[in-house]
Peer 1: 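Quick one: the structure is below, and I'll ask about it shortly.
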Amino acid sequence: MTWREYHEATKHSVESLRRAGHVLDWANMPDPFRHYEGVPVLDLPADPPDPEMPALDVLQGTSGTTPVGDGPTFLSQLLFYSAAISASKRVPSTGYEYALRVNPSSGNLHPTEFHFLTRGLKGWPDGLYHYDPSRHMAEQRGRGDFEMKLASGSAPVVFVLTSIVWREAWKYGERAYRYCLHDIGHAWQALALSARAIGCDSFAVGYFPDDEVIQLCRPHIDEWPMLIVNLHGKSLPVCEADTGKTVWFGGEANQLSKETIAHPLIDSIHFATKQSSSGSSGTSTAESAPTGSGEVKLPSPASSTRGFGEVVRMRRSALDFLGGKQSMSLAQLSAILASTARPLSADFAGTRFIQLSLYAHRVDGLQPGVYRLWPERAELEQIKSGDQRVTAAGLSLGQNLAGNACVTFSMIGDLERAAHTYGDRGYRYVHFEAGAIGHHLYLAAEALGLGATGIGAFYDDEVHRHLNLVPNQGQVVYHFAIGYPVPEPRASASNEPLEITW
Ligand SMILES: Cc1cc2nc3c(=O)[nH]c(=O)nc-3n(C[C@H](O)[C@H](O)[C@H](O)COP(=O)(O)O)c2cc1C
């Protein structure tokens, strides 16, 4: 199977949804928390310092600093502001409580697991760890010098993000691979921005020999490595690396549900996008993104002083937005768009594969209509005029939030150009980039007092028809909505890691 066949086969249409008739098997819902049992568990100190640098500055590339001088507190701070539990919700009818995290995830199913290798962190044993967000602790799967040359040689901290695709497939079936890739994009940026806010640089590697990484990290068979993220920089509290013997603890992975249902299309696309050590990274041949211009010049971006720590821990997906008349300003929109424009730091990010189309519903000074963003000139090109609220909701599988928002986005991914450069592996990269952009949209909206929601469900070809896109102009890979959220009485912010039983 090629990426094209998978993508075609997992498109939503009225007909495909009618045929699917998928019923959720609640008794078999996968546990959103992985544990490796029987290994040493290392505490990550509670209440790590809050990175107070304004969130918009971090999104614009400014680095913060950390007062932290030791490895455990550094890791605690990094993860508390990127992957930890940050709120809980209670279902009023049943009293059932569930956890929400700093990083968003389709259906709150959280397919992404964070593994990390450390070497020479002060007060923290060198080794290989798995982060357990349910306890905000690190499970030590091995101690000593694990080969760090996975990525760029000498980074003292290297994250390996894996996907447990079954968690998403339980709800979304064969389309779930797309959501797992988006989720990795969100998790990557959650980590990279948290690192930046505390003074570290990061570099992500999407091109690696999958099987060698599996041999090194030995995750449970249901976890697939997707992205490696190296951290380096002056804020890392480093010391001499451990020269002792490597000891492997491994641990017993918990079973996530009674039964795992096979999804052959997902197995096939994953196989197609896997890299053997003999493949080519393709970076030297990357074709650049098209450029253009538009008649609407974006004004200077609105500002916000809300701190990064507060913004990332308060971020929530809006369940719906207040319709009505209240609009957002063009300066707010400008700030939100500016937050997506900086280059990403990754081996596949030399050129952009995503272009943003906007459905402007209620933005001061912008006629309702559809616009294309030309980020290098900070200009919008109008491609349709008129009220788009019903259309945007309809295209997003009838979800009202896409019409009640102030602005809704279609992210158009140049899948052909990515495949031309990177082969089938490029399919992953386009979705990582979409998730990464989505993460910036979430945080910029929150910093400006607005709310946001990622939308993975849309009628693919209907979007192409509405935007008059032919296949070589790209395909829709992600929707997004930003506006004034309806209040959500069921959510409560939580600074305490929760022990959740599912
Ligand atoms: C890739 C992706 C796709 C999503 N798709 C939808 C969607 O179609 N409709 C929706 O209401 N929410 C969607 N969401 C929002 C999630 O439901 C939300 O992130 C999750 O419930 C966790 O809540 P939180 O973001 O407040 O932490 C999506 C989120 C992501 C990351």
Side-chain angles (χ1 to χ4, degrees), residues 32 48 50-60 64 77-89 98-110 112 114 133 136 182-198 302 304-322 328 332-333 335-340 401 405-409 434-456 478-498:
D50 181 354
E52 287 172 3
M53 159 88 51
L56 283 187
D57 291 0
V58 177
L59 288 165
Q60 281 305 331
Q77 189 184 29
L78 178 72
L79 289 160
F80 193 70
Y81 293 101
S82 58
I85 289 172
S86 56
S88 61
K89 273 192 192 179
Y98 60 96
L100 297 163
R101 306 189 199 175
V102 172
N103 54 317
S105 173
S106 25
N108 199 34
L109 295 164
H110 289 284
T112 305
F114 291 67
H136 191 53
H182 288 136
D183 219 279
I184 290 283
H186 281 282
W188 162 34
Q189 283 309 296
L191 195 58
L193 293 169
S194 173
R196 188 185 292 159
I198 60 178
S304 152
T305 54
R306 279 190 80 195
F308 178 82
E310 182 193 336
V311 165
V312 298
R313 292 200 53 95
M314 294 302 288
R315 180 212 63 81
R316 288 275 65 86
S317 293
L319 294 186
D320 198 356
F321 297 96
L322 299 170
M328 65 190 279
Q332 283 178 314
L333 180 63
I336 287 167
L337 296 176
S339 81
T340 68
L401 79 175
C406 294
V407 60
T408 295
F409 296 85
I437 290 173
H439 203 69
H440 288 227
L441 293 176
Y442 263 120
L443 298 188
E446 177 69 36
L448 292 161
L450 298 159
T453 305
I455 302 176
Y478 198 13
H479 270 193
F480 215 87
I482 294 179
Y484 294 96
V486 294
E488 166 52 319
R490 297 182 302 164
S492 59
S494 157
N495 277 334
E496 296 299 319
L498 288 173

Peer 1: Is there a side-chain contact between Val312 and Glu446, using heavy atoms and a 4.5 Å cut-off?
Peer 2: no
Peer 1: Can you pull out every salt bridge (Lys or Arg N to Asp or Glu O under 4.0 Å) where at least one residue sits in residues 77-87? Sequence neighbours excluded, please.
Peer 2: none
Peer 1: Can you find a pair of side-chain heavy atoms, one from Thr340 and one from Phe409, that are under 4.5 Å apart?
Peer 2: no
Peer 1: Sub-3.5 Å donor-acceptor pair from the side chain of Ser339 to the main-chain atoms of Ala444, do we have one?
Peer 2: no
Peer 1: List the residues meeting salt bridge (charged side-chain N to carboxylate O under 4.0 Å, His left out) with Arg101, not counting sequence neighbours, and say none if there are none.
Peer 2: none
Peer 1: Check whether any side-chain heavy atom of Pro104 lies under 4.5 Å from a side-chain heavy atom of Arg315, and answer yes or no.
Peer 2: yes
Peer 1: Quick one: CD on Gln189 to CG on Asn103, what's the gap to the nearest 0.5 Å?
Peer 2: 12.0 Å
Peer 1: Do Lys89 and Asn108 have side chains that approach each other closer than 4.5 Å (heavy atoms only, starting at C-beta)?
Peer 2: no
Peer 1: Scan for salt bridge (Lys or Arg N to Asp or Glu O under 4.0 Å) pairs involving residues 182-194, sequence neighbours excluded, and state none if there are none.
Peer 2: none
Peer 1: Could you give the distance from CE (Met314) to CG (Leu443), rounded to the nearest 0.5 Å?
Peer 2: 13.0 Å
Peer 1: Could you please spell out the steps behind the side-chain contact (heavy atoms from CB on, under 4.5 Å) verdict for Gln77 and Ser194?
Peer 2: CA-CA 8 Å; Gln77 189 184 29; Ser194 173; over 6 Å; no
Peer 1: Is any side-chain heavy atom of Leu401 closer than 4.5 Å to one of Leu319?
Peer 2: no
Peer 1: Roughly how far apart are His439 NE2 and Ser82 OG, rounded to 0.5 Å?
Peer 2: 8.5 Å
Peer 1: So Phe80 and Val102, do their side chains get closer than 4.5 Å, heavy atoms only?
Peer 2: no
Peer 1: Which residues pass the side-chain contact (heavy atoms from CB on, under 4.5 Å) test with Ala452, not counting sequence neighbours?
Peer 2: Tyr442, Ala445, Phe480, Ile482
Peer 1: I want to check something: taking the side chain as every heavy atom from C-beta on, are Leu448 and Leu56 in contact at a cut-off of under 4.5 Å?
Peer 2: yes
Peer 1: Within the 4.5 Å heavy-atom criterion, are Leu79 and His136 side-chain neighbours or not?
Peer 2: yes
Peer 1: Which residues pass the side-chain contact (heavy atoms from CB on, under 4.5 Å) test with Asp57, sequence neighbours left out?
Peer 2: Met53, Pro54, Thr62
Peer 1: Of all residues at least two apart in sequence or in a different chain, which pass the salt bridge (charged side-chain N to carboxylate O under 4.0 Å, His left out) check with Glu310?
Peer 2: Arg306
Peer 1: Rounded to the nearest 0.5 Å, what's the gap from CD on Gln60 to NE2 on His440? Could you check?
Peer 2: 10.0 Å
Peer 1: Once you round to the nearest 0.5 Å, how far does CG of Asp50 lie from CZ of Arg313?
Peer 2: 9.5 Å
Peer 1: Do Thr453 side-chain atoms and Ala318 backbone N/O form a donor-acceptor pair below 3.5 Å?
Peer 2: yes
Peer 1: Roughly how far, to the nearest 0.5 Å, is OG1 of Thr305 from CD of Glu52?
Peer 2: 11.5 Å
